[in-house]
Asker: 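One structure, pasted below without further comment.
Fair warning: this is a prediction, and the values are worked out from it, not measured in the lab. Scope of the values below: all heavy atoms of this structure, side chains included, with no hydrogens, waters or symmetry mates. Lettering follows sequence order; numbering is per chain, from 1.
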Number of protein chains: 2
Amino acid sequence: MGTTDETTEARETVIEAIERSAEIYGLKRSYGRLYGILFFEPEPLSLDGLVDRSGYAKSTVSNAMGTLERFHMVYRRSIPGEGKRAYFEAETDLWYVFQQFLQQEIRREIKTMTRALEDAEELLEASDADRAERDLERVRRLKRVYDQSAVVVDLLSQRSLSQLQSLVRRGDNNGS
Amino acid sequence: MGTTDETTEARETVIEAIERSAEIYGLKRSYGRLYGILFFEPEPLSLDGLVDRSGYAKSTVSNAMGTLERFHMVYRRSIPGEGKRAYFEAETDLWYVFQQFLQQEIRREIKTMTRALEDAEELLEASDADRAERDLERVRRLKRVYDQSAVVVDLLSQRSLSQLQSLVRRGDNNGS
DNA sequence: CGGAATATTCAGTAAATGACGAATATAATG
DNA sequence: CATTATATTCGTCATTTACTGAATATTCCG
């Protein structure tokens, strides 16, 4: 009898896809795999459990759990009477994960850029150099895009997927 | 008299912010800088022009233009009577850039994941292993998220920012 | 508060990446 | 179709990254 049954194969298929996606969204492949393992695990797993399942070193798994937690992709639980040991569980609602990402990382990016644009605007308004006016126009246009994008980020991060679905359907006719 | 006037300083402020953002969105900092330079340039720049302005090697700039073009962040133009020389211009509408990114990269990611999930689903439906049912449930739930996300991706990639603004405003009352 | 169990940090290393300059390829024009 | 100007590819080097195993720190419990 072979070493992989159908469920193992099925899980591996999905885990590999998650690995690739993790890479696309800027996470290490190994973190994707660890998330994938947790995603299918019926019970929360300890660090050592994850080491067993994945083959990664404990330090790797520990770091992975740290950043996956930061991105709301896993939860860490402690069980009273079990000493320091922690158990990890995957957040399976990736739309929620994405919303948290928008609210934290993207919002910060928008904020940083907005600040830079406002600083530049101020400098350029005070300048009478030849290029100032042209530069100012571009800065303002970029700022407008960022302002509007912030609204869209709010839209996405506050609505469930099904709410967005109905928004699409209702807005369909008057869209263009 | 100093070497930087106000407009140079203002531009540098924004270019540095673009560098940081480029990094966040998975582009090299150097590519962010080159885009920033083009963003402020009044006229399209040649490769050599960009080399002058940036200080990067020509090969670096050439590669950067290749990928920035791929992401619809710069346009390449040739001028008749100027031999092989190409001129580069920044796309300044970053919302458009983002929409193209959604349509190309994100759509592909969704497609790949969907395919993996469907393959896994098929395998699990045929299996009678203990874990099959539980795994199947998770696979199906993840697939639903991806299906719905595809709709949202379509929404975003087909609407202008101002159309989305009004969607928000109109949908505000019945949202939650 | 001491000791045992667990988690995190750190220093080292192998592999991947980013940028360069030289070598090669490509395109336009006479 | 040869020449010349330009762009791209390739091999390299230095830097950074991903992972490891050992050292350190933290937490819980008696």
Asker: So, does B:Gln99 use its side chain to make a donor-acceptor pair with the main chain of B:Leu156 at under 3.5 Å?
Answerer: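 At least one qualifying donor-acceptor pair exists.
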
Asker: Quick one: which of D:dT26, D:dT9, D:dG21 gets closest to the side chain of A:Lys84?
Answerer: D:dT26

Asker: Between A:Asp93 and B:Arg141, does any NZ, NE, NH1 or NH2 come within less than 4.0 Å of an OD or OE carboxylate oxygen?
Answerer: no

Asker: In whole Å, I'd like the distance from the CG atom of A:Asp52 to the P atom of C:dT6.
Answerer: 12 Å

Asker: Per the end-axis method with five pairs at each terminus, what is the bend angle of the helix from C:dC1-D:dG30 to C:dG30-D:dC1, to 10°?
Answerer: 30°

Asker: Looking at DNA chain C, which of residues 15-45 of chain B put a heavy atom within less than 4.0 Å of it?
Answerer: B:Lys28, B:Ser30

Asker: Just call it for A:Gly81: base, sugar-phosphate, or nothing, with non-hydrogen atoms closer than 4.0 Å on any strand.
Answerer: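 Since only primed, P, OP1 and OP2 atoms lie under 4.0 Å of A:Gly81, the category is sugar-phosphate.
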
Asker: Over how many whole Å does the gap from A:Met65 atom CE to C:dT6 atom P extend?
Answerer: 17 Å

Asker: May I have the distance from B:Asn63 (atom CG) to D:dA7 (atom P), rounded to whole angstrom?
Answerer: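 Nearest whole value for this atom pair: 13 Å.
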
Asker: So that I can tick it off, tell me whether B:Glu12 and B:Arg33 are bridged by a salt bridge, with the cut-off set at under 4.0 angstrom between side-chain N and carboxylate O.
Answerer: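 B:Glu12 and B:Arg33: salt-bridged.
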
Asker: Do B:Arg77 and B:Glu82 sit within salt-bridge range, that is, some charged N less than 4.0 Å from a carboxylate O?
Answerer: no

Asker: Is the phosphate of C:dA19 approached by B:Ser59 (side-chain N or O, under 4.0 Å from OP1 or OP2)?
Answerer: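 For B:Ser59, the contact criterion (side-chain N or O under 4.0 Å from OP1 or OP2 of C:dA19) is not met.
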
Asker: Is the shortest side-chain N/O distance from B:Arg85 to OP1 or OP2 of D:dT6 below 4.0 Å?
Answerer: yes

Asker: For A:Lys58, is there any backbone N or O sitting under 3.5 Å from a side-chain donor or acceptor partner on A:Ser62?
Answerer: no

Asker: Nearest whole Å is fine: how far is C:dA5 C1' from A:Asp48 CG?
Answerer: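 Value for this atom pair: 10 Å.
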
Asker: Please check if A:Tyr56 and A:Val51 belong to a single hydrophobic cluster, counting links between Ile, Leu, Val, Met, Phe, Trp and Tyr side chain heavy atoms closer than 4.5 Å.
Answerer: yes

Asker: Using a strict cut-off of less than 4.0 Å between a Lys/Arg side-chain nitrogen and an Asp/Glu carboxylate oxygen, indicate whether A:Arg70 and A:Glu105 qualify as a salt bridge.
Answerer: yes

Asker: Taking the side chain of A:Arg76 as its heavy atoms from C-beta onward, which of D:dA7, C:dT8, C:dT6 lies nearest to it?
Answerer: C:dT8

Asker: Are OP1 or OP2 of D:dA7 and a side-chain N or O of B:Lys58 less than 4.0 angstrom apart?
Answerer: yes

Asker: Do B:Arg20 and A:Thr112 have side-chain atoms, one donor and one acceptor, less than 3.5 Å apart?
Answerer: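 No.
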
Asker: With a 3.5 Å distance limit and no angle check, can you tell me whether B:Thr114 reaches the backbone of B:Ile110 through a side-chain donor-acceptor pair?
Answerer: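 Yes, B:Thr114 side chain to B:Ile110 backbone: donor-acceptor pair under 3.5 Å.
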
